[in-house]
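Worksheet: one structure, shown below.
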Amino acid sequence: MNKVNAFDVLKERGFIQQVTHEEPVRELLGKESVTFYIGFDPTADSLTIGHFLTVMAMAHMQRAGHRPIALIGGGTAMVGDPTGKTDMRKMLTREGIEHNSQCFKKQFEKFIDFEDGKAIMEDNANWLLKLNYVSFLREIGVHFSVNRMLTAECFKSRMEKGLSFLEFNYMIMQGYDFLELYRRHGCRIQLGGDDQWSNILAGADLIRRVEGAEAYGMTFTLLTTSEGKKMGKTESGAIWLDPEKTSPYDFYQYWRNVDDADVEKCLALMTFLPMDEVRRLGSLPGEKINEAKKALAFEMTKIIHGEEEAMKAQKAAEALFGGGGDSESIPTTEISQELLAEGLNILDALVMTGLAPSKGEARRLVTQGGITVNEQKVEAIDRTITDKDFEEGKAIIKKGKKSYHRLKVQ
RNA sequence: GGGGAAAUUCCCGAGUGGCCAAAGGGGGCAGACUGUAAAUCUGUUGUCUCAGACUUCGAUGGUUCGAAUCCAUCUUUCCCCA
């Protein structure tokens, strides 16, 4: 058992948003190894940065000697969490959920140590899917008051838009998960994002009523910018942990570009740097704050994609932003000799590389002076790329100030 | 089960027969200024073979020289009553 109380660590790093019983939880975490759980619904084939935040919390807890349960919501995903959704989301198929669960499992193993029972992975499909409706209602359903459920914040927005009975049951299912984990593994605490507060309370209440035991809940701050917007979203969607969906280079760049105001918070939440260092970096004045951003981007990329990828991303960034160099790690498209011989129109090149989604967009970018080839502004839309643009078989197209793409001769 | 209302481009939201590729705002993208930041200002924001053409206003069919706008049917959603 580590001397440092996990609760204090999480508190100091700014994770904690709400706790059911602050003092008892702190005390409990200080005196024994506690089993706790966090649930993840497999609604996509990769974890996102939002999940990552809770995984970090899990890792901190594990380092302090506690035992995490990563609960995959194979059963709850069949229903869909209505929290924070304005519309009912589309139903996932059984196969889709199964596939996503596998992807989640692989990713968890990178951050949490599952050796020797130091952590447990469970899937609530194992118990939820075989429940009998009537007996479930009689055993569990009696303990829930519809009146109280309706007052829960998470249903409020849906009272206007409409809430199906299916989704209404989500809270009960999640509550039941907690009870089941308590019975199977002696799980005492449930953690989650702050949007999960009412679902967590439901579970803790249920355990108290059914088992007469104390169970606790704790939520973490949601990742938002200083302006209150959700972080981890880009124009092309979420930031994924899967390198196939968000390349390490793009990942690095995203964090390299966070607002000044958010750097310190991100360092505390999503790196393992000691807090003294976090505070030092966060308070660097003016232009120096860029040091903190570099550290943030590097550390995060390292945790998620490994040190090697982090180095590559950093080198690529430095080469490009530091003055023209070339690097292996930026996104690359290969083009054939023949194509090049004919002369590749800049508009086609932009679409091919994905820098522009359509030719219309490409045309606009060029017209507005947003495109350069090897640091030379493209002046006209009839510009073609020929072998003269290639040095050692490579050419770099830049869109705006920050998006680079490399062309490589096959 | 009965009655009422609505569905518009990424989002919100104008638009009731031609002047509508569709106001305005948000968001996005680009330019200027900068520190790969923020704020601000400017431009832009359906597709293409881009002085032109083509496809869009829940779906299908119809009226009309001409429809996002009118009619019919369908689908979905919301509200009121039971």
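Just so we're on the same page: letters track the sequence lines, and every chain starts at 1.
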Could you tell me the separation between the CG atom of Asp259(A) and the P atom of U36(B), rounded to a whole number of Å? 15 Å
How many Å lie between OH on Tyr254(A) and P on G28(B), as a whole number? 11 Å
Separation of atom CG in Asp260(A) from atom C1' in U36(B), rounded to whole Å: 11 Å
Scan Ile371(A) against the nucleic acid and name what it touches under 4.0 Å (heavy atoms): base, sugar-phosphate only, or nothing. nothing
For the pair Phe108(A) and Phe104(A), name the ring-plane relationship: parallel under 30°, tilted 30 to 60°, perpendicular over 60°. perpendicular
Checking N1-N3 plus N6-O4 or O6-N4 for Watson-Crick, or N1-O2 and O6-N3 for wobble, each under 3.5 Å, the partner of U73(B) is A59(B)
Output yes when Asp205(A) and Arg208(A) qualify as a salt bridge under the 4.0 Å nitrogen-oxygen rule, no when they do not. yes
What distance, rounded to whole Å, do you find between the two C1' atoms, one in C29(B) and one in U77(B)? 33 Å
Please report, rounded to the nearest Å, how far the P atom of G35(B) is from the NZ atom of Lys402(A). 14 Å
Taking the side chain as everything from C-beta on, heavy atoms only, tell me whether Ile72(A) gets closer than 4.5 Å to Glu122(A). no
Can you list the steps and then say if Met149(A) with Met171(A) is a side chain to side chain contact (heavy atoms under 4.5 Å, CB included)? CA-CA 9 Å; Met149(A) 283 173 73; Met171(A) 182 189 272; 3.9 Å; yes
Starting at CG of Leu365(A) and ending at C1' of G31(B), how long is that distance when rounded to a whole Å? 11 Å
G52(B) and A22(B): how far apart are their P atoms, nearest whole angstrom? 13 Å
Counting any heavy atom closer than 4.0 Å, what does Lys293(A) reach on the DNA or RNA strands: base, sugar-phosphate only, or nothing? base
C57(B) and A23(B), which share atom name P, separated by this distance in whole Å: 16 Å
Candidate list Arg383(A), Lys394(A), Gln376(A), test side chain to side chain donor-acceptor pair (under 3.5 Å), partner Asp389(A), passing option: Arg383(A)
What distance, rounded to whole Å, do you find between the two P atoms, one in A21(B) and one in U34(B)? 42 Å
From NZ of Lys401(A) across to C1' of A37(B) the rounded distance in Å is 12 Å
With the side chain defined as heavy atoms from C-beta on, Glu287(A) is closest, among C29(B), G35(B), U36(B), to G35(B)
Lys NZ or Arg CZ of Arg63(A) over Phe272(A) ring: under 6.0 Å, within 45°: yes
For Lys110(A), is the NZ atom crowded, meaning more than 12 foreign heavy atoms sit under 6.0 Å from it? yes
Under the criterion ring-ring contact (aromatic ring centres under 6.0 Å, His included), I'd like the reasoning laid out for Tyr216(A) against Phe36(A): C-alpha separation, chi angles, the key distance, then a yes or no. CA-CA 9 Å; Tyr216(A) 307 100; Phe36(A) 66 98; over 10 Å; no
Counting primed atoms, P, OP1 and OP2 as sugar-phosphate and everything else as base, the B/S/- map of nucleotides 43-51 of chain B against protein heavy atoms under 4.0 Å is BSS-SSSB-
OP1 or OP2 of U36(B) less than 4.0 angstrom from a side-chain nitrogen or oxygen of Lys398(A), does that happen here? no
Write down the distance separating the P atoms in U8(B) and U60(B), rounded off to the nearest Å. 16 Å
Could you tell me the separation between the CD atom of Glu318(A) and the C1' atom of U36(B), rounded to a whole number of Å? 12 Å
Rounded distance (Å) that lies between atom C1' of A30(B) and atom CD1 of Ile346(A): 15 Å
Partner of G1(B) by Watson-Crick or G-U wobble geometry, both contacts under 3.5 Å, or none? C81(B)
